[in-house]
Number of protein chains: 2
Amino acid sequence: MDRDDADSTTPDRPRISDATLRQFTGYTMKRAFNVVQADVNAVLEEFGLRMVTYSALAIVGDNPGLSQSQLAQALAIERPNLVVIVDELEGRDLVSRDRVPTDRRTYALQLTSEGARLLARATEAVRRHEARITEGLNAEEEAILVSALKKIEATDIRRS
Amino acid sequence: MDRDDADSTTPDRPRISDATLRQFTGYTMKRAFNVVQADVNAVLEEFGLRMVTYSALAIVGDNPGLSQSQLAQALAIERPNLVVIVDELEGRDLVSRDRVPTDRRTYALQLTSEGARLLARATEAVRRHEARITEGLNAEEEAILVSALKKIEATDIRRS
DNA sequence: TACAATAATTATACATCATACCTATTAAAC
DNA sequence: GTTTAATAGGTATGATGTATAATTATTGTA
């Protein structure tokens with residue numbers, strides 16, 4: 001994946017073609033998303049966060065008091081795997097597990113004040129990352145990009 | 001009769017909001033790509049292929065005689081991990097490792113006739129999958145989608 | 001000839017992700 | 001009211017994906 005400026009020192013390196021795959025929008029989506037993912041992970045690393053943990057903070061922030069099951073569904077990850085994520089966030093005092101009086105099985109998740117502060121800072125950094133990533137797009141292109149992606153997302157057959 | 005759909009049987013299930021994340025195009029990319037990936041994997045499973053193994057076949061088909069290192073780079077995976085993939089494809093007689101007389105370190109990869117046949121059939125199936133996924137988009141939307149994704153891909157900072 | 005670099009490989013460690021199973025609590029059935 | 005089913009959270013575990021270090025064979029270079 002390194003571009004070839006075919007400088008004189010390098011031996012002949014015939015460009016590898018991905019023509020067959022490039023006919024597929026899905027392939028281009030994957031290539032583009034790989035770039036986004038690498039960049040956003042680098043950004044979040046400065047806050048000690050990964051994509052999942054940042055997303056978890058954002059969802060909890062938008063839905064204070066939600067249960068772990070609801071959070072798992074929103075993040076599209078399995079319940080057992082969510083436990084360790086919440087463990088981590090709780091251990092760092094970013095999220096609190098509060099008992100619910102009406103149903104003592106469930107926890108109500110909430111951001112701590114430190115969690116809210118970290119989320120705000122990280123969100124600002126992600127916004128700058130987004131601006132970098134989409135700097136080549138004008139407003140109309142980005143609007144169509146987003147709406148097209150949403151239409152693709154809506155073709156999902158699964159979903160209980 | 002009553003307000004909205006809140007039908008009497010279901011307990012109150014307040015919709016979970018992902019408003020904070022939805023401000024990011026990258027998040028919508030991930031959600032859309034998850035749908036694409038699930039669908040294409042289901043399609044490829046019928047051929048005993050995964051996304052990597054299908055992509056490997058396609059790249060080898062487009063670049064007969066390329067080396068494993070070149071293939072690894074094209075697929076953006078590490079060399080050691082590619083070995084087992086080629087092992088698998090070679091074991092199924094879809095790809096051949098041919099020795100190169102001018103450089104006895106490298107293998108020249110090629111599709112076998114069976115590999116070419118399977119690639120052609122799988123590609124047809126993936127094409128049908130793509131049609132399903134993008135059926136809600138008109139030609140202009142899809143063109144802008146692809147060009148926007150390519151611009152995002154081109155913002156990649158890495159690449160030696 | 002000695003030394004560095006490359007291609008393929010092996011071994012390994014780690015993160016991710018899914019499944020099966022368990023406890024407690026609640027809701028439903030009888 | 002007791003039994004039964006369903007749900008929330010959790011533990012343990014296995015499969016898979018992915019990255020790194022080190023090894024062998026070969027090639028290129030000082």
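Quick note on labels: first sequence line is chain A, next is B, and so on, each numbered from 1. All values reported here derive from a predicted model rather than from experimental measurement.
- In this structure A:K30 satisfies the salt bridge (charged side-chain N to carboxylate O under 4.0 Å, His left out) test with no other residue, sequence neighbours excluded.
- Look at CD on A:Q68: it is 14 Å from C1' on C:dA24, rounded to the nearest Å.
- Look at CZ on A:R79: it is 12 Å from P on C:dA18, rounded to the nearest Å.
- For the pair B:L75 CG and D:dG17 C1', the computed distance is 14 Å after rounding to whole Å.
- Nucleotide C:dT9 holds its C1' atom 15 Å from the CG atom of B:L71, rounded to whole Å.
- Atom CZ in B:R97 sits about 9 Å away from atom P in C:dA8, given to the nearest Å.
- Only B:R50, listed by number, bring a heavy atom of residues 45-55 of chain B to less than 4.0 angstrom from any atom of DNA chain D.
- At distances below 3.5 Å, not a single donor-acceptor pair connects side-chain atoms of A:N63 with backbone N or O atoms of B:I16.
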Please report the C-alpha distance between A:Y107 and A:S96 in whole Å, then the side-chain angles of each, then the deciding distance to 0.1 Å, and finally whether the side-chain hydrogen bond (donor to acceptor under 3.5 Å, both in side chains) criterion is met. CA-CA 9 Å; A:Y107 286 117; A:S96 67; over 6 Å; no
Worked check of side-chain hydrogen bond (donor to acceptor under 3.5 Å, both in side chains) between B:D93 and B:T112: CA-CA 7 Å; B:D93 247 317; B:T112 64; 5.2 Å; no
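- Atoms CG (A:D87) and P (D:dG9) sit 12 Å apart, rounded to a whole Å.
- A donor-acceptor contact closer than 3.5 angstrom is absent between the side chains of B:E88 and B:T53.
- Closest contact between the side chain of B:T106 and the listed nucleotides D:dT18, D:dT11, C:dA8 involves C:dA8.
- Remark: C1' of C:dA15 and CG of A:N81 are 11 Å apart, rounded to the nearest angstrom.
- Rounding to whole angstrom units, CD1 of residue B:I77 and P of D:dT16 are separated by 16 Å.
- Across all their heavy atoms, A:A56 and A:I85 have their closest contact at CB-CG2, 4.4 Å.
- Nearest to the side chain of B:E78, among D:dA19, D:dG9, C:dT19, sits D:dA19.
- Heavy atoms of other residues, nucleotides or ligands lying less than 6.0 angstrom from CZ of A:R79 number 12 at most.
- Using a 4.0 Å heavy-atom distance criterion, A:R99 is classed as making no nucleic acid contact.
- The closest side-chain heavy-atom distance from B:R127 to A:Q23 is below 4.5 Å.
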What string of B, S and - do you get for nucleotides 24-30 of chain D 5' to 3' if you count protein non-hydrogen atoms under 4.0 Å? -BBS---
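- Side-chain proximity of B:S69 to the nucleotides D:dT11, C:dA7, C:dT10 is greatest for C:dA7.
- The listed nucleotides are D:dG10, C:dC17, C:dT10; the one nearest the side chain of A:P80 is D:dG10.
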Hey, mind stepping through B:R128 and B:E46 against salt bridge (charged side-chain N to carboxylate O under 4.0 Å, His left out) and telling me if it holds? CA-CA 14 Å; B:R128 289 191 292 275; B:E46 301 171 40; over 6 Å; no
